[in-house]
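Below is one structure, written out as structure tokens; comments come after it.
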There are 2 protein chains.
Amino acid sequence: MERGIAEGGPAVSLLTGLDMSHIRLCPAIAFNKIVGGRYKLHILCVLNRGPLRFGEIGRSLVKGGLGTPITPRILSRELKDMTEWGLISRKDYATVPRKVEYALADRGKALLPILSEIVRWGATGMHEEMLGLR
Amino acid sequence: MERGIAEGGPAVSLLTGLDMSHIRLCPAIAFNKIVGGRYKLHILCVLNRGPLRFGEIGRSLVKGGLGTPITPRILSRELKDMTEWGLISRKDYATVPRKVEYALADRGKALLPILSEIVRWGATGMHEEMLGLR
DNA sequence: CTGCATCCTTTGGGATACTG
DNA sequence: CAGTATCCCAAAGGATGCAG
């Protein structure tokens with residue numbers, strides 16, 4: 001890990017200068033476990049612009065995505081996972097027709113600085129270059 | 001995506017204030033495609049401390065990892081992928097016994113700011129809390 | 001509209017053994 | 001030491017259809 005206690009070395013992150021001696025699991029691994037997969041990070045991204053309904057999220061993911069729309073089953077599972085993690089919140093307006101709105105929750109907001117850096121990295125176009133989109 | 005041209009809205013990222021009108025693919029998706037999976041981000045993490053040999057990387061991943069060591073086949077594949085992406089560089093000292101050293105390359109270094117934010121997020125312990133390690 | 005059930009394909013990752 | 005070859009398993013993701 002990034003200079004954690006498990007390594008026995010100085011417990012200060014080279015990257016941040018922060019003390020990591022109390023941390024056992026490399027944040028990079030945890031990050032992948034929590035927002036890994038094809039959609040979770042992108043979902044946080046679109047929800048950052050404001051709360052969205054189930055169907056709206058599905059449609060939002062297409063833009064800036066890779067063409068194929070997410071199926072309801074997958075979207076449903078992703079949203080449920082993320083709600084259980086506390087990354088997003090779910091509000092069910094008991095109306096007809098039904099309306100359920102998802103929004104960023106505290107743990108999701110805690111990831112925004114990371115997302116910012118990802119966007120900053122993406123703004124250089126390096127990701128499109130690497131993936132052969134230019 | 002995060003306010004890209006594909007959406008037809010203002011092409012400025014809410015997160016960074018940067019103009020994203022020239023970007024077609026959401027960086028969050030690209031990020032997952034490039035360093036997704038269980039090991040790549042962690043590998044960048046350990047290589048940030050300096051160049052390492054094949055076996056050293058394998059052993060480094062155990063610390064701060066989740067117990068099970070990476071198998072040679074997987075490590076080999078990850079390193080090959082990352083070398084082809086230009087994330088890391090590979091130097092083969094033609095010695096006996098053999099010695100091959102891997103180091104961060106430019107495209108890998110470009111990801112360090114993101115990694116920093118991940119570490120900063122991890123320093124709060126939130127990831128261990130979420131994964132039930134405390 | 002929101003979501004679950006079923007089934008299927010693809011991908012990622014692991015075990016083990018072996019080679020230059 | 002630095003990998004490859006083969007085989008296998010588990011998880012992620014997709015298609016389709018149905019229900020509250």
Side-chain angles (χ1 to χ4, degrees), chain A residues 26 28-43 46-47 51-62 65-85 87-103 131, chain B residues 26 28-43 46-47 51-62 65-85 87-103 131:
Chain A
C26 178
I29 297 187
F31 184 77
N32 266 319
K33 285 193 80 82
I34 292 170
V35 292
R38 209 134 145 185
Y39 298 107
K40 293 198 177 71
L41 217 46
H42 198 180
I43 290 173
V46 301
L47 285 184
L52 287 178
R53 302 174 59 172
F54 186 87
E56 291 174 324
I57 296 176
R59 286 185 294 275
S60 289
L61 292 182
V62 178
L66 292 150
T68 55
I70 188 174
T71 66
R73 191 184 82 88
I74 305 297
L75 180 56
S76 172
R77 209 200 37 190
E78 297 292 274
L79 292 174
K80 181 185 284 187
D81 287 353
M82 295 174 71
T83 303
E84 283 168 2
W85 287 117
L87 294 172
I88 60 177
S89 64
R90 194 191 108 112
K91 178 162 186 187
D92 190 339
Y93 300 83
T95 60
V96 178
R98 209 163 155 198
K99 170 178 174 179
V100 179
E101 222 172 44
Y102 294 89
L131 295 176
Chain B
C26 178
I29 297 188
F31 184 77
N32 266 320
K33 283 192 81 80
I34 291 170
V35 292
R38 208 135 147 184
Y39 297 107
K40 293 197 176 72
L41 218 45
H42 199 181
I43 291 173
V46 301
L47 285 184
L52 287 178
R53 302 174 60 172
F54 185 88
E56 291 174 324
I57 296 175
R59 286 186 294 275
S60 289
L61 292 183
V62 179
L66 292 150
T68 55
I70 188 172
T71 66
R73 189 182 83 89
I74 305 298
L75 180 55
S76 173
R77 206 201 38 192
E78 297 293 274
L79 292 175
K80 181 183 284 185
D81 286 353
M82 295 174 72
T83 303
E84 283 167 2
W85 286 119
L87 294 172
I88 61 178
S89 64
R90 193 191 108 112
K91 178 164 186 186
D92 190 338
Y93 300 83
T95 59
V96 179
R98 207 163 157 200
K99 172 177 174 179
V100 179
E101 222 172 45
Y102 294 89
L131 295 175

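Order of the sequence lines sets the chain letters (A, B, ...), proteins ahead of strands, with each chain counted from 1.
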Gap separating the CD1 atom of A:Ile43 from the CG atom of A:Leu87, nearest 0.5 angstrom: 10.0 Å
Could you tell me how far apart A:Arg73 (CZ) and C:dC8 (P) are, to the nearest whole angstrom? 13 Å
From A:Val62, A:Ile74, A:Leu75, residue fulfilling side chain to side chain contact (heavy atoms under 4.5 Å, CB included) relative to A:Pro69: A:Val62
Please check if the number of heavy atoms outside A:Lys99 that lie under 6.0 Å from its NZ is greater than 12. yes
Look at the side-chain N and O atoms of A:Arg98 and state whether any lies under 4.0 Å from the OP1 or OP2 oxygen of D:dG20. no
Nearest-angstrom distance from the residue atom CG of B:Leu75 to P of C:dG12: 16 Å
Students often get this wrong, so: under 4.0 angstrom with heavy atoms, is A:Tyr39 touching a base, only sugar-phosphate, or nothing? sugar-phosphate
Gap between atoms CD1 and C1', on A:Ile74 and C:dA5 respectively (whole Å): 13 Å
Along DNA chain D (nearest heavy atom to each residue), the more 5'-positioned of B:Tyr102 and A:Gly37: B:Tyr102
Contact nearer the 5' end of DNA chain C, comparing A:Lys99 with B:Gly36: A:Lys99
Determine: side-chain N/O of A:Arg77 to OP1/OP2 of D:dA12, distance under 4.0 Å, yes or no. no
So does B:Thr71 get a side-chain nitrogen or oxygen closer than 4.0 Å to the phosphate oxygens (OP1/OP2) of C:dA15? no
Output the single nucleotide from D:dG14, D:dG3, C:dT2 whose closest atom is nearest the side chain of B:Ser76. D:dG3
Roughly how many Å is it from CD1 in B:Ile43 to P in C:dG13, rounded to a whole number? 10 Å
Atom pair CD1/CG of B:Ile57 and B:Leu79 - distance to nearest 0.5 Å: 5.0 Å
Rounded to whole angstrom units, what separation is found between the NZ atom of B:Lys33 and the P atom of D:dA12? 17 Å
Among the candidates C:dG14, C:dT2, C:dC4, find the nucleotide nearest to the side-chain atoms of A:Val100. C:dT2
Against the side chain of B:Pro72, the closest entry in C:dC4, C:dG13, D:dT4 is D:dT4
How long is the line joining CG of B:Asn32 and P of C:dT11, in whole Å? 16 Å
Using whole Å, what does the distance between atom P of nucleotide C:dG13 and atom NZ of B:Lys80 come to? 16 Å
Using 30° and 60° as the class limits, which term best fits the ring planes of A:Phe31 and B:Phe31: parallel, tilted or perpendicular? perpendicular
Could you give the CD1-to-C1' distance, from B:Ile57 to D:dC1, as a whole number of Å? 13 Å
